[in-house]
Protein chains: 2
Amino acid sequence: MPNSPVKLEVRRSACCQAKTNCADCKVRLLSVCAALESDELCVLEALAKTIDFEPKTNLFMQEQPADAVYNVTEGMVRLYKLLPDGRRQIVGFALPGDFLGLAMDDHYGFSADAIGTVTACRFSREAFSNIVDEKPHLLRRLHEFATHELHLAQDQMVMLGRRTAEEKVASFLIGLRDRWARISGASVTVSLPMSRQDIADFLGLTIETVSRTLSQLARDKAILVVPDGVRLMDVARMEALAQV
Amino acid sequence: MPNSPVKLEVRRSACCQAKTNCADCKVRLLSVCAALESDELCVLEALAKTIDFEPKTNLFMQEQPADAVYNVTEGMVRLYKLLPDGRRQIVGFALPGDFLGLAMDDHYGFSADAIGTVTACRFSREAFSNIVDEKPHLLRRLHEFATHELHLAQDQMVMLGRRTAEEKVASFLIGLRDRWARISGASVTVSLPMSRQDIADFLGLTIETVSRTLSQLARDKAILVVPDGVRLMDVARMEALAQV
DNA sequence: CGTTGAGTTGACCATCGTCAACAGGAGTGG
DNA sequence: CCACTCCTGTTGACGATGGTCAACTCAACG
């Protein structure tokens, strides 16, 4: 069941490196940085470089030496692993506040692409590692994040292994709604900046099945497909299908 | 010098809390405890209780208050999540050296059952948490473990989402062979103490498909099904199917 | 306007699930 | 020792879910 091989545009981002201002950071309290006092924040701030990534550009590739970690502040990043024959599994979507650099040792364990325009704080791995050694509470925060990721990963296993296409799609939409809620407040409209192919590769389905399932849910008046997203019409029905 | 495996197999009855002797622990260097110096080990040793679990007994249940963490020293534990309607997804098998207590906050994120007889070191969560607060390098070690778990979880997502039944089974066998190798040395015979149902629930398949796939691999002379395990006959073929 | 790429829909099909029968081993009791 | 049940695992027949292939629409863009 080979999936359409992913063609990887290796566009270099126009690395605009602005002065970072953590105090004004919109996602600070959601991110790993929440562990830090304001004086410590200055230390981190000195190490951070704010980088904008253009849509469809690559942050890093699986198997590359992991020389940097990132804290996403704006936009959405797809994280994925490729099989030798081109089949792709998206292991997660990173949203503002998410930290990239947990599931890696010397080399990145997955690839990461900006979906739309993405802004992220970049830290050299070495510098970040040093500061973590000096601040146990930052390490603790990092560990909390890793633990949370592990939770999500295990929920995703249940999703991939034991749920039907309809349940997968509903669960995906509800899950994304809840994650957006933490960032920009509750809403019945779920923004879907990623392509159908991305959704399919996240849910272990094909693009056709995702499309058909969304159409069916729309026909059943459970959702309304709108440009770049869906509006949840029958929230109870969708939550029942998603039943975590 | 570190590895003088003690051959004394002492079978204790269920819930018999014996004196723990970390210095002799067969899996110490594989486990989180490897982070500790011998004097620190004594502190941990005082907190640990060695517990034996009879086959098919439960270590803890999903949603229960997480009042203890465990370090498996012998046997195999299945970790699983249940959906309300009874569908089950096994999120992992814990082997000697594995630590249970990463993917949890106040409540366990999954259930855990002993498959055969299991021996584990039990720590009260509070006491363990306190010692972690005092020993940053133990926290680091814990974080390394979490990171490793996350890696495995992401590989499992690729497995569940993008591999065929044959690839899943081959990958499972090769993966288990490699994990056993760390513990008891390399071998072409892979011990399978878990049931077919467990394998199915780990791979997102049914018991029938697992059975059929094993039979087919045996017919192809890639494996030989033996009591409580399989012998890998065509290792190259199996590794090709498993292609990580 | 033609081209391209994303998304939708339909027809068909294969992989894997469902249902059912059967085999073999362990335990029990006569 | 056999008869019986129970349990796990295997195998076969059949079917459904979701994949494959292809045609089509539509918007963006030259």
Side-chain angles (χ1 to χ4, degrees), chain A residues 1-9 11 55-56 78 83 85-89 113 115-116 159-173 192-220 223-230 241, chain B residues 55-56 78 83 85-89 113 115-116 159-173 192-220 223-230 241:
Chain A
M1 48 171 78
N3 235 287
S4 49
V6 180
K7 45 186 156 183
L8 291 160
E9 298 184 50
R11 256 198 254 164
K56 297 182 184 176
R78 68 167 161 252
L83 289 177
D85 63 2
R87 280 176 289 177
R88 185 178 72 159
Q89 177 67 41
D113 295 343
I115 290 175
M159 177 112 119
L160 291 167
R162 287 292 176 234
R163 303 183 91 117
T164 65
E166 189 181 39
E167 290 170 337
K168 284 178 179 181
V169 171
S171 190
F172 170 67
L173 294 175
L192 297 176
M194 75 290 284
S195 70
R196 295 287 189 265
Q197 184 66 62
D198 288 340
I199 300 175
D201 286 347
F202 183 60
L203 298 179
L205 299 171
T206 59
I207 185 173
E208 293 93 334
T209 300
V210 170
S211 186
R212 267 189 264 271
T213 306
L214 286 172
S215 298
Q216 185 60 49
L217 287 170
R219 225 170 292 133
D220 296 349
I223 62 171
L224 182 66
V225 179
V226 298
D228 301 315
V230 299
L241 281 171
Chain B
K56 297 181 183 175
R78 68 166 163 253
L83 289 177
D85 63 1
R87 281 176 288 178
R88 186 177 72 158
Q89 177 67 40
D113 295 343
I115 290 176
M159 177 111 118
L160 291 167
R162 286 294 176 233
R163 304 185 92 118
T164 64
E166 188 181 39
E167 291 170 337
K168 285 178 178 180
V169 171
S171 191
F172 170 67
L173 295 174
L192 298 176
M194 75 290 283
S195 71
R196 294 288 189 267
Q197 185 65 63
D198 288 339
I199 300 176
D201 285 346
F202 183 60
L203 299 178
L205 299 171
T206 58
I207 186 173
E208 293 94 333
T209 300
V210 170
S211 186
R212 267 189 263 270
T213 306
L214 286 172
S215 298
Q216 185 58 49
L217 288 170
R219 225 170 290 131
D220 296 349
I223 62 172
L224 183 66
V225 179
V226 298
D228 300 315
V230 300
L241 281 171

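Computed from heavy atoms alone, side chains included, the values below leave out hydrogens, waters and symmetry copies. Lettering of chains follows the sequences in order, A, B, ..., and the numbering in each one begins at 1.
Place A:Val225 and A:Arg162 on DNA chain C by their nearest nucleotides, and A:Val225 ends up nearer the 5' end. Each of B:Gln197 and A:Ala165 was assigned the nucleotide of DNA chain D with the nearest heavy atom; the assignment lying further toward the 5' end belongs to B:Gln197.
In this view, A:Asp220 and A:Arg237 satisfy the salt bridge (Lys or Arg N to Asp or Glu O under 4.0 Å) rule, not counting sequence neighbours. Scanning for side-chain hydrogen bond (donor to acceptor under 3.5 Å, both in side chains) contacts around B:Thr209 gives B:Thr206, with sequence neighbours left out. Residues meeting the salt bridge (Lys or Arg N to Asp or Glu O under 4.0 Å) test with B:Glu167, sequence neighbours left out: A:Arg87. Take B:Arg88 and apply the side-chain hydrogen bond (donor to acceptor under 3.5 Å, both in side chains) test, not counting sequence neighbours, and it matches B:Asp198, B:Asp201.
Rounded to a whole Å, the CE atom of A:Met194 is 16 Å from the C1' atom of C:dG7. B:Arg87 has its CZ atom 15 Å from the C1' atom of C:dT18, to the nearest Å. Distance, B:Leu205 CG to C:dT18 P: 11 Å, rounded to whole Å. Distance NZ (B:Lys168) to C1' (C:dC16): 9 Å, rounded to an integer number of Å. Between the CG atom of B:Leu192 and the C1' atom of D:dT8 there is a distance of 14 Å, given to the nearest Å. Atom P of nucleotide C:dA6 and atom CG of A:Asp228 are separated by 14 Å, given to the nearest angstrom. Atom CG in A:Leu203 sits roughly 10 Å away from atom P in D:dG19 (whole-Å rounding). The interatomic distance linking B:Arg163 (CZ) with C:dT15 (P) rounds to 17 Å, in whole Å.
The NZ atom of A:Lys168 sits 14.0 Å away from atom CG of A:Leu241, with the distance rounded to the nearest 0.5 Å. A distance of 7.5 Å separates CD of B:Glu166 from CD of B:Gln216, quoted to the nearest 0.5 Å. Note that CD1 of B:Ile207 is 8.5 Å distant from CZ of B:Arg196, once rounded to the nearest 0.5 Å.
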(request) For nucleotides 23-30 of chain D, just jot down a letter per nucleotide in 5' to 3' order: B, S or -, based on protein non-hydrogen atoms under 4.0 Å. (result) --------
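Side-chain contact between A:Leu83 and B:Arg163 is present, with at least one heavy-atom pair separated by less than 4.5 Å.
Of the residues in residues 208-218 of chain A, those lying under 4.0 Å from DNA chain C by heavy-atom distance are A:Glu208, A:Ser211, A:Arg212, A:Ser215.
Side chain of B:Arg219 to main chain of B:Leu214: no donor-acceptor pair is present (N/O by atom type, distance under 3.5 Å, no hydrogens or angles).
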